[in-house]
Colleague: 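One structure, pasted below without further comment.
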Amino acid sequence: SAVISQKPSRDICQRGTSLTIQCQVDSQVTMMFWYRQQPGQSLTLIATANQGSEATYESGFVIDKFPISRPNLTFSTLTVSNMSPEDSSIYLCSVLSGQGAKYNEQFFGPGTRLTVL
Amino acid sequence: KQEVTQIPAALSVPEGENLVLNCSFTDSAIYNLQWFRQDPGKGLTSLLLIQSSQREQTSGRLNASLDKSSGRSTLYIAASQPGDSATYLCAVYNFNKFYFGSGTKLNVKP
């Protein structure tokens, strides 16, 4: 298993500002993911954070709005840029832990609850 | 594209009842299926992982089954307790992505 921490746990931000969310894992992992969960909804994958290269973004998400860093195998950041009230969500990072596709188990951080006024 | 559906969307039961949550998926070419629990405003806690070659997994009062050919999984909770109240999500993994269902919100009444 993997233990994941996120900072901050919650924040209230003003429209037009940016927030950087940190994700720290207690072991080295190859794959890290960033999700968004809007109120009352299921999870939507924003991007896969790749170590040493640019993140891979899902349809509807762009690097200018959600820049991601992955400087090493235990840490990643997600920035929510030029925020609007529609960005109010829980942001979750997750990692894949296991040996091979069948054994890969996903573990999640506690989430960052973002409210944009 | 893989689609994952969970039924029912919400469930309210009295304490002590046995219950079944359902998850269905459209593409049977999966590596594994995972069940999660999410408490309000929190992250997801992994409950059970079923590999594609397995039929079921058990952990305590939880039992998850997988029928890959029919695209179905069930999560069985025995002797439910108020502490089981949460949203339960299933996710299937294939082609380096996880696809999530919309969840079943469970309320166990004392």
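Numbered from 1 within each chain, the chains take letters A, B, ... in sequence-line order. This one's a predicted model, so the numbers in the text were calculated from it and none came from an experiment.
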Colleague: Non-hydrogen contacts under 4.5 angstrom with chain B: give the residues of residues 61-96 of chain A involved, or none if there are none.
Modeller: A/Ile90, A/Leu92, A/Leu96

Colleague: Would you name the heavy atoms of A/Ser42 and B/Ser102 that are closest together and state the gap between them?
Modeller: CB-CA, 3.6 Å

Colleague: Surrounding CD of A/Glu54 (heavy atoms of other residues, nucleotides or ligands, distance under 6.0 Å), is the total greater than 12?
Modeller: no

Colleague: At a 4.5 Å cut-off on heavy atoms, which part of B/Gln38 comes close to chain A: side chain, backbone, both, or neither?
Modeller: side chain

Colleague: Heavy-atom cut-off 4.5 Å, strictly under: side chain, backbone, both or neither for A/Gln37 against chain B?
Modeller: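 For A/Gln37, the contact with chain B is made by the side chain alone.
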
Colleague: Group every Ile, Leu, Val, Met, Phe, Trp and Tyr by side-chain heavy-atom contacts under 4.5 Å, then state whether A/Ile4 and A/Phe108 land in the same group.
Modeller: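 A/Ile4 does not cluster with A/Phe108.
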
Colleague: Quick one: salt bridge (charged side-chain N to carboxylate O under 4.0 Å, His left out) pairs with a partner in residues 85-110 of chain B, sequence neighbours left out?
Modeller: A/Glu58-B/Lys97

Colleague: State the CZ-CE distance between B/Phe98 and A/Met31, to the nearest 0.5 angstrom.
Modeller: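 Those atoms lie 8.5 Å apart.
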
Colleague: Heavy atoms only: give me the nearest B/Phe36-A/Gln106 pair and the separation to one decimal.
Modeller: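 In this case the closest contact between B/Phe36 and A/Gln106 is CE2-O, 3.5 Å.
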
Colleague: Within the 4.5 Å heavy-atom criterion, are A/Asn104 and B/Tyr31 side-chain neighbours or not?
Modeller: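 Not touching, per the 4.5 Å side-chain cut-off.
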
Colleague: Are B/Leu19 and B/Tyr88 connected, step by step, through hydrophobic side chains (Ile, Leu, Val, Met, Phe, Trp, Tyr) whose heavy atoms are closer than 4.5 Å?
Modeller: yes

Colleague: Any idea which of B/Leu44, B/Thr87, B/Leu89 has the most non-hydrogen atom pairs under 4.5 angstrom with chain A?
Modeller: B/Leu44

Colleague: Give a yes or no on whether B/Tyr93 and A/Leu43 share a hydrophobic cluster (residues Ile, Leu, Val, Met, Phe, Trp, Tyr; joining criterion: side-chain heavy atoms under 4.5 Å apart).
Modeller: yes

Colleague: For the interface with chain B, which of A/Tyr35, A/Phe107, A/Phe33 has the highest count of heavy-atom pairs at distances below 4.5 Å?
Modeller: A/Tyr35

Colleague: Looking at B/Glu15, I'd like to know if its CD atom is crowded, meaning that more than 12 non-hydrogen atoms belonging to other residues, nucleotides or ligands lie closer than 6.0 Å.
Modeller: yes

Colleague: Among the clusters formed by ILVMFWY side chains lying less than 4.5 Å apart, do B/Leu75 and B/Val13 turn up in the same one?
Modeller: yes

Colleague: What about A/Trp34 and A/Val25, same hydrophobic cluster or not, with Ile/Leu/Val/Met/Phe/Trp/Tyr joined at side-chain heavy-atom distances under 4.5 Å?
Modeller: no

Colleague: CZ of B/Arg61: more than 12 outside heavy atoms within 6.0 angstrom?
Modeller: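 Counting other residues, nucleotides and ligands, CZ of B/Arg61 exceeds 12 neighbours.
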
